[in-house]
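This is a predicted model, so every value here is computed, not measured. Below, read A as the first sequence line, B as the second, and so on, with proteins coming before strands; counting in each chain starts at 1.
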Protein chains: 2
Amino acid sequence: MTIKEVCETHDITPDTLRYYERVGVIPTVNRTKGGIRDYSEEDVKWVENAICMRNAGVPVEMLIEYVKLFQEGDATLMARRDLLAEAREDVQAQLDKFQATLDRLNYKISRYEEALRTGVLSWNEETYKK
Amino acid sequence: MTIKEVCETHDITPDTLRYYERVGVIPTVNRTKGGIRDYSEEDVKWVENAICMRNAGVPVEMLIEYVKLFQEGDATLMARRDLLAEAREDVQAQLDKFQATLDRLNYKISRYEEALRTGVLSWNEETYKK
DNA sequence: ATACAGCTTGGAGTTAACTCCAAGTCAAGA
DNA sequence: TCTTGACTTGGAGTTAACTCCAAGCTGTAT
């Protein structure tokens with residue numbers, strides 16, 4: 001699979017993909033004799049994983065560490081589990097914040113909708129109570 | 001309320017608060033005759049709103065636009081509602097991605113837990129199926 | 001064989017959102 | 001009054017994560 005194909009099916013740029021490989025967010029991808037990247041099924045799985053993790057703000061640094069541990073083999077199973085657990089805590093905490101923000105936005109929007117519906121502009125303060 | 005008090009009760013640095021005011025993420029805060037910031041209840045509400053929105057990745061640019069519209073008065077009610085609705089879409093989309101990442105992390109961690117529990121290291125591929 | 005579009009690398013540049021700094025002002029305590 | 005620590009401003013510096021670039025190689029179509 002060429003870099004172009006991976007990019008098109010995963011909505012990512014070649015530059016980002018090469019950057020991920022360069023810094024170690026994904027393991028090194030095999031090349032053709034000409035030196036062109038040829039992504040295997042497994043490479044693509046790593047790419048998907050990286051994209052998913054990055055979507056939730058998991059730092060590049062953490063992904064690099066995970067790949068490094070993975071390549072060291074079975075002796076690092078616990079360390080990897082711990083790293084993932086840490087990432088999970090971070091993502092969960094972020095998720096909670098996003099939910100709180102969503103609640104606030106919903107509240108504010110509903111107040112705007114009401115004001116626009118009734119024509120009564122009954123507030124000029126930025127209030128929000130949980 | 002001094003900048004220090006606001007910072008301590010809201011876990012934010014003075015530099016960030018001054019930056020928010022400077023670029024317009026929050027309206028201008030009143031000063032004492034000596035020129036020192038004196039946050040009102042309403043100022044603090046704006047700060048809380050900014051922190052909440054930034055927690056969910058709502059861009060500074062959007063918050064600036066909102067404050068600007070707010071200060072223009074009732075004529076901008078619809079524009080503000082639309083801006084908030086847009087922010088809500090973005091936050092919801094991000095939230096969904098975070099949830100997907102959390103699901104993936106939970107799956108991976110459960111596989112690690114199993115491997116560590118049984119002593120069977122039964123995979124060496126980065127699989128994940130929804 | 002010759003275009004020519006697309007790939008390669010190493011390295012430099014960009015962006016958003018802070019974060020720090022220097023030089024100066026202010027205010028409470030000895 | 002003097003010291004001392006916190007505040008002020010405008011502007012420069014930092015960081016993470018890309019994103020772009022130049023110079024050169026590849027490989028399919030004419």
Quick one: side chains of residues 83-95 of chain A, donor-acceptor pairs under 3.5 Å with protein atoms, not counting sequence neighbours, listed by atom name and distance.
| residue | atom | partner | partner atom | Å |
| --- | --- | --- | --- | --- |
| A/R88 | NH1 | B/N106 | OD1 | 2.5 |
| A/Q92 | NE2 | A/D96 | OD1 | 3.1 |

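- Remark: B/E65 engages B/K68 in a salt bridge (charged side-chain N to carboxylate O under 4.0 Å, His left out) (not counting sequence neighbours).
- Remark: P of C/dT25 and NZ of B/K33 are 19 Å apart, rounded to the nearest angstrom.
- Under the salt bridge (charged side-chain N to carboxylate O under 4.0 Å, His left out) criterion, A/E41 pairs with no residue at all, not counting sequence neighbours.
- Counting only residues at least two apart or on different chains, the salt bridge (charged side-chain N to carboxylate O under 4.0 Å, His left out) pairs with a member in residues 23-35 of chain B are B/E21-B/R31.
- For B/F98, the ring pair (Phe, Tyr, Trp, His ring centres under 6.0 Å) test picks out A/F98, with sequence neighbours left out.
- Sorted by first and then second residue, the salt bridge (charged side-chain N to carboxylate O under 4.0 Å, His left out) pairs with a member in residues 47-64 of chain A form an empty list; sequence neighbours excluded.
- For residues 5-21 of chain B, proximity to DNA chain D is found at B/R18, defined as any non-hydrogen atom under 4.0 angstrom from a strand atom.
- Residues passing the side chain to side chain donor-acceptor pair (under 3.5 Å) test with A/T76 are A/R80, sequence neighbours excluded.
- The phosphate of C/dC26 (OP1 or OP2) has no side-chain N or O of B/R31 nearer than 4.0 angstrom.
- The span of DNA chain D lying next to chain A, judged by atoms under 4.0 Å from heavy atoms, is bounded 5' to 3' by D/dA17 to D/dG27.
- Remark: side-chain polar atoms of A/D103 are not paired, donor with acceptor, to backbone N or O of A/A100 under 3.5 angstrom.
- With DNA chain C read from its 5' end, the first of the two nearest nucleotides for B/V58 and B/G34 is the one closest to B/V58.
- Between B/R22 and B/T2, the one whose closest nucleotide on DNA chain D sits nearer the 5' end is B/T2.
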